[in-house]
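Working notes, structure below.
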Amino acid sequence: MTEGRLGLADAEHEVRLLMRIIETISAGLDLDAVAQRVAVVITEMTATDVCFVHLIDDSGRHLELRGATPPFERVVRRIELSVGEGVAGWVAAHREPVVIVQDKFADPRYKYIPELRGEDFTSLVSVPIITRLGALVGVLNVHTRLRREFTGADVQLLRSIAGLIAGAMDNARLHRRLAEREEALERFTERMVRMQELDRRRLAGEIHDGIGQRIVSLSFYLSAAADLVGTNAALAGEQIDKAQQLAAAALDEVSAAMTGLRPSVLDDLGLAASLESLAHASPELDVDVQVCADELPEHLETALYRIAQESLQNVVKHASAQNVEIRLKVSSGTVLLEVSDDGVGFDPASVPESESPGSGGYGLSGMLQRAELLGGRLEVDSAPGRGSTLRVRVPLRLPR
């Protein structure tokens with residue numbers, strides 16, 4: 001009997017191979033499991049000795065080994081090639097198959113990877129894994145220990161297999177990205193709730209410890225004045241004066257609490273002038289404010305103002321600094337806020353992760369959460385004796 005494609009005895013065996021591939025890719029949406037099982041099925045059912053499945057990464061610039069015949073599964077995810085590098089990289093770049101019958105070390109496209117023991121295998125064929133819509137998913141490589149004349153029919157069968165697994169792997173990748181986005185959304189929601197709870201606790205504390213106590217005292221003085229009106233007008237007047245002072249202080253604290261929710265200065269003057277007002281509120285410091293940014297989305301202005309405010313408070317409390325620079329600019333779709341001081345500095349690694357606003361510490365946890373809620377990141381560059389720079393980068397998403 002004449003041997004069929006890839007060593008298969010007849011068309012029935014080819015159909016069986018393709019059915020096994022379909023069963024494998026239908027078993028689940030885990031990308032690594034699909035890649036690994038496909039590699040095993042191909043070598044089990046064909047006259048080949050090893051199969052490698054390289055998948056393109058999210059950047060589209062690198063191939064990562066994600067499936068391999070035993071014993072090479074131990075190096076899965078540890079082998080990476082740039083597109084254009086090695087035979088697999090060449091296939092990815094040109095989207096054309098490559099067949100090497102022997103002496104692959106003489107082929108300029110070949111790259112020796114010690115972990116894959118290329119010296120143990122003689123012939124290879126490499127085909128691109130491309131979806132029906134033309135998206136490159138990866139590269140499929142098969143190798144044989146003995147010299148093998150891979151025919152055009154062999155290559156075509158491997159391309160058919162690659163076409164079958166392309167859609168499944170692309171779907172698995174989309175499923176993974178969706179799962180990651182759902183997880184990110186859950187983390188975002190969790191951080192949002194945590195920030196809201198921190199704001200509620202702060203406001204409740206201000207009302208209870210400040211405004212509430214003043215109102216209780218106000219009620220006491222007014223009651224005392226009412227009792228004294230008919231018998232001691234002078235003392236009643238003193239009680240009323242104290243009540244008026246308490247009322248004024250309570251109004252100030254109400255205004256401060258409202259500012260804690262949404263600074264009115266942002267609505268009245270905008271972010272640039274609001275940062276200037278922060279500088280004027282710290283007369284013990286020489287604060288230089290530099291703003292190169294147009295009007296930003298309201299939620300972004302509020303968060304950046306809060307971060308700058310907390311950072312400046314940290315400088316006043318902890319830094320023993322004389323000079324501070326606040327810089328805000330927009331570049332390449334990113335908003336950058338920097339607050340630098342010439343104070344004593346500190347070791348950022350020594351700040352507990354659980355430290356939070358209102359704890360008496362640096363408030364880094366709260367600022368970090370605000371930055372992350374905006375899809376940005378916060379960095380602290382500091383060391384004892386050389387001052388500190390807090391840096392926040394946030395992507396700017398303009399309204400469509």
Side-chain angles (χ1 to χ4, degrees), residues 58-59 177 180-199 202 259-279 281-282 287-315 319 324-341 346 348-349 351 353 355-358 361-382 387-400:
D58 290 339
S59 73
R177 289 176 181 172
E180 289 173 351
R181 289 180 181 178
E182 289 178 349
E183 184 180 349
L185 180 59
E186 290 178 2
R187 292 196 302 268
F188 174 85
T189 303
E190 181 182 345
R191 289 195 298 267
M192 178 69 78
V193 171
R194 191 182 302 122
M195 287 300 299
Q196 289 175 340
E197 184 60 26
L198 286 172
D199 283 339
R202 176 189 55 77
T259 299
L261 295 176
R262 166 69 182 175
S264 59
V265 67
L266 284 173
D267 295 322
D268 298 337
L269 304 176
L271 182 58
S274 298
L275 295 177
E276 291 282 359
S277 72
L278 286 179
S282 303
V287 183
D288 178 37
V289 179
Q290 303 173 24
V291 177
C292 298
D294 296 327
E295 184 177 349
L296 301 175
E298 184 176 288
H299 71 282
L300 187 54
E301 288 188 340
T302 301
L304 293 173
Y305 175 85
R306 289 286 177 228
I307 292 172
Q309 183 182 45
E310 185 71 33
S311 182
L312 202 56
Q313 289 174 356
N314 286 342
V315 174
V324 177
E325 290 186 5
I326 300 177
R327 296 177 292 274
L328 179 72
K329 66 178 181 179
V330 178
S331 178
S332 302
T334 299
V335 182
L336 173 64
L337 171 69
E338 292 182 321
V339 181
S340 302
D341 68 73
F346 67 101
V351 179
E353 291 184 5
E355 177 272 326
S356 61
Y362 291 91
L364 293 177
S365 175
M367 289 188 281
L368 175 62
Q369 289 180 25
R370 290 189 189 277
E372 289 180 343
L373 284 174
L374 298 169
R377 64 182 187 274
L378 179 144
E379 304 167 356
V380 178
D381 181 11
S382 184
S388 304
T389 296
L390 179 138
R391 191 173 292 111
V392 179
R393 289 186 176 87
V394 177
L396 177 61
R397 297 181 178 92
L398 297 174
R400 295 183 179 179

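Put simply, the side chain of R327 does not reach to within 4.5 Å of the side chain of L336, judged on heavy atoms. Using a 4.5 Å cut-off on side-chain heavy atoms (C-beta onward), V324 and L312 make contact. The shortest side-chain heavy-atom distance between N314 and V339 does not fall under the 4.5 Å cut-off. Side-chain contact between V287 and L278: absent, with no pair of heavy atoms (C-beta onward) separated by less than 4.5 Å. Residues L396 and P297 are in side-chain contact: their nearest non-hydrogen atoms beyond the backbone lie under 4.5 Å apart.
Under a 3.5 Å cut-off, the side chain of S311 and the backbone N or O of A308 do not form any donor-acceptor pair. Judged purely by atom type and a 3.5 angstrom limit, S340 has no side-chain atom pairing as donor or acceptor with the backbone of E325. In this structure, T334 contributes its side chain and V394 its backbone to no donor-acceptor pair below 3.5 Å.
Listed here is the closest heavy atom pair of P348 and S382: CD-O, 3.6 Å. Nearest heavy-atom pair across M367 and L378 is CB-CD1, 3.6 Å. Of all heavy-atom pairs between I307 and A371, the closest is CD1-N, 4.3 Å.
In this structure, CG in L304 is found 11.5 Å from CD1 in I326, a value given to the nearest 0.5 Å. Atoms CG and CD, from L275 and Q309 in turn, are 10.0 Å apart once rounded to the nearest 0.5 Å. Here the CZ atom belonging to R393 is positioned 7.0 Å from the CD atom belonging to E338, to the nearest 0.5 angstrom. Rounded to the nearest 0.5 Å, atoms OG1 (T389) and CG (D341) are 7.0 Å apart. Taking CG from L390 and CD from E379, the interatomic distance works out to 9.5 Å, rounded to the nearest 0.5 Å. Separation of atoms CZ (R391) and CZ (R377) is listed at 10.0 Å; rounding is to 0.5 Å.
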